[in-house]
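Step one of this worksheet: look at the structure below.
Chain naming here is simple, since letters A, B, ... match the order of the sequence lines and numbering starts at 1 in each.
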Amino acid sequence: MIKVDDIHKSFGNSEVLKGISTNFEPGKTNLIIGQSGSGKTVFLKCLLGLHFPEKGRIIYSDRVYSEMNDEQKRSLRQEMGMVFQGSALFDSMTVEENVMFPLKMFSKMSKSEMQDRVDIVLKRVNLIDAHKKLPSEISGGMQKRVAIARAIVNRPTYLFCDEPNSGLDPKTAIIIDNLIHEITVEFNITTVINTHDMNSVMEIGEKIVFLKNGYKEWEGSNKEIFRTDNEAVTDFVYSSDLFKKVRQMYIEERN
Amino acid sequence: MKNLILKEIDDLIYGSLGIIIFISFFIGGVVAIQTALNIDNPLIPKYLIGFTTRQSVILEFAPTFTSIIMAGKVGSYITSSIGTMRVTEQIDALEVMGVNSLNYLIFPKIVALMLYPFVIAISMYLGILGGWLAVVAGGYTTSADFIKGIQIDFKPFHVLYAFTKTMAFAFILATIPSFYGYYMKGGALEVGKASTTSFVWTSVIIIIVNYIITQLMLG
């Protein structure tokens, strides 16, 4: 469980986050959505501890981040997995070495135990023939799956994903969405996804936080987003004709 | 960490040997020939060609000139590789995992470049060898005169001075390019700009430190 309590973050004179409070529950896919410049990435980086809010608290299962010492922060980070927008795989390492990296750095496993864990995780993300390939030798969708494998290999408590579908074709995007959702439920992880993708919102958005101009404008589930009358949300989510029609059909069906 | 250090030794030291060998050999030859051509007074002994070549190579050409070349080769490599990791969020990935990215990326480079004096020793040897071959093959002096010149009035302190500044240059070569790579902002274009800026500042600082150490040790 991650509890966010009134966080503020500024860069120079520009206040990017203006008092955001919310909760992210374990075993659920929590989505942060909003237009470009709404503060999504800064919010996610605050959750990751890469940016430090000037005001407010972020609480990870009763542990307040701002009250932790460096050692406790480092230890907490070992409970986190992150899937970056561009995958952020280490270029000079093979797929297998990338996935094994967190284990090598922090676990006390033997080489064979590490190898077994890597094999299990790569099989879980449906990558069984890519162990020895370099990131440059595999497709974008495969790179995303390697990034997911690397993020979950240490059995994290918290999984963060920054635009996991960007640059992927619709079919691969759905595969990645479903994979993240399955892993979240399977390992009871608190997953927070930063996305623009409305398909993700509809498919896996068990909790959605909508940001606008640094404020939390709305929060709810993918079922509730169909019913909301919040103008900012409907403007953003139903900006395309297709989604307008989907919403219309949903409301008609409910009535 | 051991594997990282070995990889950096391979990339930064072993990978630079070819260019260092090539440059040192020919620079030594050119220094010797130019010295020979400028000694046209019959009263000046020919062994001064060897003496001058040795002094020029040991005191300045091997440690300083080679380090400027290395600022271009190794410095640009360090800045662009770390800068690319910054741009592609690989450094953020390390931080999120709880890895101290500064320590992970830069410490192995500093340790690897502590072997830099061995490269400079090779450069000194080959510079003098190049000078010997150039003047003997070119008929400017005899082998015996050149060898007498490189042995005459030899001060071991000069070698200590050369290696002292080499160690300082090694530290500069590891840290300044790393700084420009690690703290860069932007995209691919900025990686290129950071590499150029890093080369310029590494060279400038090497030259200033060279002056300060020379004043302190020989002045």
Does atom CD1 (A/Ile128) have a neighbourhood of more than 12 heavy atoms from anything else shown, all under 6.0 Å? no
Side chain from CB out, backbone as N, CA, C, O: work out which of these in A/Leu76 comes under 4.5 Å of a heavy atom of chain B, or both, or neither. neither
Could you name the residues of residues 181-195 of chain A that have a heavy atom within less than 4.5 Å of a heavy atom in chain B? none
Hey, is NZ on B/Lys73 packed in by over 12 heavy atoms from elsewhere, all under 6.0 Å? yes
Determine whether A/Phe106 and B/Val99 make a side-chain contact, defined as any pair of heavy atoms from C-beta on separated by less than 4.5 Å. yes
Which residues in residues 47-55 of chain A have any heavy atom closer than 4.5 Å to a heavy atom of chain B? A/Leu48, A/Leu50
So, B/Tyr104 versus A/Phe101, ring centres under 6.0 angstrom or not? yes
Heavy-atom count check: over 12 atoms from other residues, nucleotides or ligands less than 6.0 Å from B/Tyr14 OH? no
Heavy-atom neighbours of A/Asn69 CG exceed 12 at 6.0 Å: yes
Which residues in residues 75-94 of chain B have any heavy atom lying under 4.5 Å from a heavy atom of chain A? B/Met85, B/Thr88, B/Glu89, B/Gln90, B/Asp92, B/Ala93, B/Leu94
Output, in order, the C-alpha distance, side-chain angles, deciding distance and verdict of side-chain contact (heavy atoms from CB on, under 4.5 Å) for B/Val96 and A/Phe84. CA-CA 10 Å; B/Val96 170; A/Phe84 283 87; 4.0 Å; yes
For residues 135-158 of chain A, give me every residue with a non-hydrogen atom less than 4.5 Å from any non-hydrogen atom of chain B. A/Arg150
Side chain proximity check, A/Arg77 to B/Glu95, heavy atoms < 4.5 angstrom: yes
Is it the case that more than 12 heavy atoms not belonging to A/Phe90 sit under 6.0 Å from its CZ atom? yes
What part of A/Lys73 lies closer than 4.5 angstrom to a heavy atom of chain B: side chain, backbone, both or neither? neither
A/Gln78 atom CD, neighbour heavy-atom count above 12 within 6.0 Å: yes
